[in-house]
Each structure stands twice: as structure tokens, then as C-alpha cells.
Visitor: 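Sending over a structure as C-alpha cells; questions will come in a sec.
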Amino acid sequence: MKNVKTEEYRVTGNVQLSQIDTYEDFGASNKELKKELKNIRKDLGEFQDTLYAHGKYGVLVCLQGIDTAGKDSLIREVFKDFNVRGVVVHSFKVPSTKEKKHDYLWRHYIALPERGKFSVFNRTHYENVLVTKVHPEYILAENIPQVESVDDIDNEFWEKRYQQINDFEKHIAENGTIIFKFFLHLSKEEQRQRLLRRIRLRQKNWKFSPGDLEERKLWHKYEACYEEALKKTSKDHAPWFVIPADNKKAARVIVASIMMEALKKYKDIEEPELDDEIKANLETFKQELEKETT
């Protein structure tokens with residue numbers, strides 16, 4: 001199959017999603033795409049073992065996308081070869097009563113990866129400039145000072161929120177968190193087909209919600225909000241990548257390839273050396289164990 005040119009998916013300025021392809025297959029069959037992913041995720045799993053032993057970096061993987069974009073299956077397939085101790089997935093739903101007692105970033109901050117581990121955010125802190133921007137009335141539940149009505153939520157409010165998110169990501173990046181942000185770019189027609197499958201296939205009925213149809217009517221509003229967020233918050237330390245998501249198998253290969261290519265650049269991530277005294281006595285320790293009788 002063709003090589004994945006990862007930089008082609010990186011956001012570096014203005015974004016017009018309607019002009020970006022939602023389908024890719026690299027001229028490869030499904031079998032070839034599955035094989036390619038298997039090879040990359042094996043390398044990612046080995047890297048995670050080294051990251052864990054090194055213990056100085058954490059990796060944050062942020063996944064955003066419209067309903068049915070394929071976030072859950074991407075997580076399942078890309079991280080399949082990870083040691084279970086090395087990756088934690090957080091699916092952020094509507095904020096709880098306790099979470100609303102804190103600022104909107106609090107619940108995300110406490111879910112950040114420990115050093116040596118990956119954290120995957122299935123929906124992220126960006127919901128606070130996406131769904132809340134489409135439905136500004138949701139902001140009122142945050143009980144923020146000086147925000148008494150939707151009329152108080154103006155352009156300045158959103159500009160501050162973009163800056164707060166940028167500051168948050170810069171802070172964690174400077175303290176050892178490697179950040180990846182992926183927008184799974186799905187076409188409206190492919191979403192329609194996936195929603196229909198949820199209705200037609202009994203085993204997928206549980207995934208369907210009538211609310212998905214209501215949000216679908218706001219497609220263009222969401223698209224505009226995504227374009228603004230991608231443009232305002234794609235930084236060198238926390239870049240956004242727009243991933244064509246109509247073909248799930250190719251989307252998984254692209255995401256895995258982007259991560260692997262970037263992580264290989266961290267030459268300081270390596271397994272720690274044994275203490276000199278321990279290293280000098282390894283033969284002695286081996287002989288001691290070999291002499292043991294059960």
C-alpha cells in the first residue's frame with residue numbers, strides 16, 4: 001500500500017472541512033490495511049513498554065468527531081497490543097453535579113496520563129467550545145460569575161476559552177505530556193448510513209439515540225465550530241490532525257502512523273540502565289537462583 005504522509009493531515013492554519021476529503025484507502029484492500037495496522041500497533045505496544053520503564057513522559061490522545069465517527073472502534077483496534085496497565089480510556093459524558101462544582105477543565109486535568117502511560121480522551125475538553133457553542137445555554141449550568149444569561153456569552157467569552165485551553169495544553173506539554181489531537185472527519189452521508197445500520201441491526205440498536213437525529217440537523221453549525229477550534233488551538237506542542245473517517249480501517253492506520261512517527265523522535269525515551277553495582281553482580285545473582293532447589 002501507499003505510504004501514509006502524516007503531515008498532510010496536520011492543521012497548520014485555516015480549515016475548511018467541506019474541502020477536505022473524508023475517504024481514504026491508500027489503494028489498499030481491507031486485508032492489507034488490517035495487516036498494516038497490526039504492524040504499527042505492535043511497534044506502539046513495544047514503545048509503550050519502554051515509555052513505562054522510562055517513566056518521564058505521559059501521552060495524551062484526544063479523539064473528537066461527530067456521532068458515529070468511529071472513536072470507540074478506533075480505540076479498540078489501535079491500542080489492542082498495549083499492556084493493559086499502560087493505557088487508560090476516559091469517555092467524557094455530560095458533566096456530573098460534582099464536576100460542575102469545578103471549572104470545566106478540572107475533570108480533564110485529573111484524568112491526564114501518569115508518567116509512563118497513555119490516556120485516551122474519547123471526547124475531550126474541546127466539547128466546551130463545540131457542543132456548548134452550538135448550545136450556549138449549556139454554559140449556564142457551569143454557574144460562572146458574570147454569566148447570567150446566554151446574552152453574556154459573546155465572542156470575547158469564546159476567545160478566552162480558546163486561550164485557556166491553549167494555556168492548559170502548553171502547561172502539560174512543558175511538564176512531560178506528549179499530546180495528539182485527532183478530529184475524525186466523517187461525511188454527512190456516511191453518518192446517515194451508520195445511523196441506519198444502528199436501526200436495522202438489532203445488535204446495534206442500543207447505540208441509537210433519537211437525539212443523534214436532532215444534532216444531525218445542526219451539522220453546519222458543528223462544522224463551523226470545529227473549523228474555528230481547529231484553527232485556534234493547533235499548536236506545535238499540541239497539533240490537530242484531520243483524519244478522513246469514512247473508511248474506518250484506513251483512519252486507524254493514519255492515526256497509528258501519526259503517533260508512531262512522532263513518538264520515534266523522542267530519542268531520550270529508553271529503558272533505564274541498571275545500577276553499576278547491580279550490573280556488575282548479575283552473574284552472581286544468576287548463579288544464586290540457578291542453585292536454588294524447589
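For reference, positions follow the sequence shown, starting with 1.
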Visitor: Checking K181 against E169 for the salt bridge (charged side-chain N to carboxylate O under 4.0 Å, His left out) test, could you report, in this order, the C-alpha distance in whole Å, the side-chain angles of both residues, the deciding distance, and whether it holds?
Guide: CA-CA 11 Å; K181 300 184 299 193; E169 291 177 349; 2.9 Å; yes

Visitor: What I want to find out is whether R41 reaches E77 closely enough, with some N-O distance under 4.0 Å, to be called a salt bridge.
Guide: yes

Visitor: Is it true that, when you exclude E137 itself, more than 12 heavy atoms of the residues, nucleotides or ligands shown sit nearer than 6.0 Å to its CD?
Guide: yes

Visitor: Please determine whether a side-chain nitrogen of the Lys or Arg among D167 and K160 lies less than 4.0 Å from a carboxylate oxygen of the Asp or Glu.
Guide: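 No salt bridge links D167 with K160.
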
Visitor: Check ring-ring contact (aromatic ring centres under 6.0 Å, His included) between H90 and all other residues, then give those that pass, not counting sequence neighbours.
Guide: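 Listed in chain order: F121.
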
Visitor: Evaluate the salt bridge (charged side-chain N to carboxylate O under 4.0 Å, His left out) criterion for residues K279 and E273: first the C-alpha distance (whole Å), next the side-chain angles of each, then the deciding distance (0.1 Å), finally the verdict.
Guide: CA-CA 9 Å; K279 191 185 297 186; E273 289 285 337; 3.1 Å; yes

Visitor: To the nearest 0.5 Å, how far apart are OG1 in T50 and CG in L263?
Guide: 11.0 Å

Visitor: Between K117 and E114, does any side-chain N to carboxylate O distance fall below 4.0 Å?
Guide: yes

Visitor: Taking R161 first and then E142, would you say they form a salt bridge - that is, a charged N and a carboxylate O separated by under 4.0 Å?
Guide: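 Here R161 pairs with E142 in a salt bridge, since their nearest N and O are under 4.0 Å apart.
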
Visitor: Got a salt bridge between K231 and E227, using NZ or NE/NH1/NH2 to carboxylate O under 4.0 Å?
Guide: no

Visitor: Of E190, R197, Q191, E189, which is the lone residue that meets side chain to side chain donor-acceptor pair (under 3.5 Å) with Q193?
Guide: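 Among E190, R197, Q191, E189, the one that satisfies the side chain to side chain donor-acceptor pair (under 3.5 Å) with Q193 is E189.
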
Visitor: Give a yes or no on whether a salt bridge exists between R123 and D67, defined as a side-chain N under 4.0 angstrom from a carboxylate O.
Guide: yes

